[in-house]
Protein chains: 2
Amino acid sequence: MIKVLVVDDDQDLRDNLVEVLSDNGFSPSSAENGEDALEKLQADKFDLVLLDSVMPGMDGMETLPLIKRAYPKTRIIMLTAFSTVNSAVEAMRSGADDYITKPFKIDELLVAVRRCLEEAKFGVCEELLNSDDMFKCLANATRRKVLMLLYRESKLRFMDMTRQLKIDDHTKVNFHLKILKEAHLIEQDGRKNYQLSPQGKKIVTCMSSIAAD
Amino acid sequence: MIKVLVVDDDQDLRDNLVEVLSDNGFSPSSAENGEDALEKLQADKFDLVLLDSVMPGMDGMETLPLIKRAYPKTRIIMLTAFSTVNSAVEAMRSGADDYITKPFKIDELLVAVRRCLEEAKFGVCEELLNSDDMFKCLANATRRKVLMLLYRESKLRFMDMTRQLKIDDHTKVNFHLKILKEAHLIEQDGRKNYQLSPQGKKIVTCMSSIAAD
DNA sequence: TTTCTTTGTGAAGAAAAATTATCAACTATA
DNA sequence: TATAGTTGATAATTTTTCTTCACAAAGAAA
């Protein structure tokens with residue numbers, strides 16, 4: 001289900017958009033200003049934010065770069081009543097994916113929303129193609145076992161790892177660790193302890209949603 | 001953030017648990033009966049459900065198997081005031097991961113919660129190790145490209161695929177399609193159209209959260 | 001209908017890549 | 001200085017991928 005966050009101070013518009021989005025198969029939530037929006041974004045993942053630029057409290061232009069920095073993969077469409085070329089350009093430069101002027105027809109918005117998400121699909125595809133090292137790395141059972149160990153134990157020395165893996169040839173373990181390091185799935189701290197990298201953590205947690213039920 | 005759903009008809013207890021869980025670094029929500037719980041579960045993913053067995057409306061024992069069937073990876077701890085060996089056994093057989101009798105000390109509950117989630121971690125590890133075919137399958141760029149194509153186009157014929165992939169030898173494409181089929185990442189409908197399997201869809205959407213920002 | 005082209009599938013051996021085994025070092029540290 | 005821990009380089013082996021050939025089914029063309 002595609003989650004959309006509607007951020008606007010006008011409750012009527014908000015409720016209206018939520019209803020329309022819901023009717024069109026999206027899962028919408030709403031927020032009435034920037035602070036509220038950031039809170040909602042922290043609590044939940046959204047695919048798309050519809051962001052009003054003028055609001056009391058933290059306004060849209062202020063919120064936009066904050067959202068983009070914290071959640072780079074979330075798409076943002078700016079909605080604005082007082083539109084100038086400059087403000088539009090500025091919004092796009094700050095990371096908005098599209099820009100719509102009020103008043104707008106609901107269909108116009110839906111077209112933009114769909115196009116925006118379609119482009120996001122493209123992004124996913126790029127990533128699928130460009131993370132070759134990562135996938136090659138995950139293709140080996142020993143290496144996955146290493147990830148699993150580090151997920152459970154969080155930190156391990158080289159020799160402790162080989163013992164836990166029950167592999168008697170330690171140079172073999174070393175070979176795999178090297179590949180894992182090169183794919184940035186694990187890293188070493190100052191004391192040569194191996195641990196999952198942020199990337200590595202993401203992957204392991206992701207497995208739970210991928211693997212068969 | 002680990003999400004916990006507290007299901008109990010006693011509002012005091014509910015509020016109390018939500019507060020405690022929140023203080024202990026969890027992200028809790030609450031529901032007051034079975035129907036309510038199922039709705040919340042549908043709207044959002046939860047890692048753990050604390051489920052009261054006796055409630056007006058749909059009670060816990062009734063709700064338990066429904067939750068387990070729909071969300072097999074969600075952990076469930078039953079909470080119950082009138083405890084017998086039989087009811088405990090029955091709950092466990094229906095898929096509860098733990099069983100606590102009321103009244104309980106809050107620490108007792110937290111211990112159970114943590115252990116439960118720890119065991120879930122174990123489950124993730126199992127999956128990491130046992131889905132060898134899938135990872136082997138994803139290790140190849142051509143095969144990932146196929147997944148990507150099917151993600152965008154949803155359905156494709158054999159020859160359309162080879163053309164889009166710009167591979168002139170169609171038997172090579174076939175080789176990879178076979179492997180994808182064997183790993184259950186794609187499937188064919190009656191008219192021999194290739195499409196993503198449910199598994200395959202999950203993987204592609206998962207990529208967006210794995211790949212580097 | 002027969003023939004030809006496009007589409008779709010399978011399999012075996014060659015080529016390329018990944019993995020293992022072996023040997024050789026270097027670094028702490030007790 | 002021993003001893004365990006750690007890493008790298010290389011050849012041998014196994015797996016994966018590519019190439020080539022063979023073949024069957026469906027539809028178009030003669």
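The analysis underlying the following values was restricted to heavy atoms, covering all of them including side chains, and did not include hydrogens, waters or symmetry mates. Proteins get letters first, then strands, A, B, ... in listed order; numbering begins at 1 in each.
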### Summary
Rounded to whole Å, NE2 of B/His176 lies from P of C/dG10 at a distance of 15 Å

### Message
Need to verify one output field. Residue with the more 5' nearest nucleotide on DNA chain D, B/Lys192 or B/Asp169?
### Response
B/Asp169

### Query
Taking C-beta and beyond as the side chain, do A/Pro28 and A/Leu17 meet within less than 4.5 Å on heavy atoms?
no

### Message
Nearest whole Å is fine: how far is C/dA17 C1' from A/Phe135 CZ?
### Response
19 Å

### Task
Measure from CZ on A/Arg191 to P on C/dT29 and round the result to the nearest Å.
11 Å

### Task
Just compare C/dT19, D/dC18, D/dT6 and give me whichever is closest to any side-chain atom of A/Ile179.
C/dT19

#### Entry: 5'-most by nearest nucleotide on DNA chain C - A/Thr142 or B/Asp160
B/Asp160

### Task
Verify the contact: side-chain N or O of A/Asn140 to OP1 or OP2 of C/dT19, cut-off strictly under 4.0 Å; return yes or no.
yes

### Query
Can you find a heavy atom in the side chain of B/Arg144 that is under 4.5 Å from one in the side chain of A/Asp132?
yes

### Query
Hey, is the side chain of B/Gln188 poking within less than 4.0 Å of OP1 or OP2 on C/dT7, counting only N and O atoms?
no

### Atom-pair distance (CZ on A/Phe175; P on C/dA21), nearest Å
12 Å

### Task
Name the residue closer to the 5' end of DNA chain C, choosing between A/Ala139 and A/His170 according to the nucleotide with the nearest heavy atom.
A/Ala139

### Message
Atom CD of residue position A/Gln42 - does it have more than 12 heavy atoms of other residues, nucleotides or ligands inside 6.0 Å?
### Response
no

### Query
Given side chains that start at C-beta, do those of A/Lys68 and A/Asp97 come closer than 4.5 Å, heavy atoms only?
yes

### Task
Grab the NZ-C1' distance between B/Lys172 and C/dA14 for me, whole Å please.
15 Å

### Task
Answer yes or no: is there a side-chain heavy-atom contact under 4.5 Å between B/Leu5 and B/Leu48?
no

### Query
Between A/Ile186 (CD1) and D/dT7 (C1'), how many Å, whole number?
13 Å

### Query
So does B/Arg157 get a side-chain nitrogen or oxygen closer than 4.0 Å to the phosphate oxygens (OP1/OP2) of C/dT6?
no

### Message
From CG of A/Leu156 over to P of D/dG5, roughly how many Å is that when rounded to an integer?
### Response
14 Å

### side-chain N/O A/Arg143 vs C/dT19 OP1/OP2, d < 4.0 Å
yes

### Query
Of A/Lys136 and A/Lys178, whose closest DNA chain D nucleotide lies nearer the 5' terminus?
A/Lys178

### Query
For the side chain of A/Thr171, counting heavy atoms from C-beta on, which of D/dT7, C/dT7, D/dT19 is nearest?
D/dT7

### Query
Nearest-Å distance, CG (A/Asp168) to P (C/dT20)?
12 Å

### Query
Out of D/dT19, C/dT20, D/dT6, which has the shortest distance to the side chain of A/Met159?
D/dT6

### Query
Of the candidate nucleotides C/dG10, D/dT7, C/dG8, which contains the atom at the shortest distance from the side chain of A/Tyr194?
D/dT7

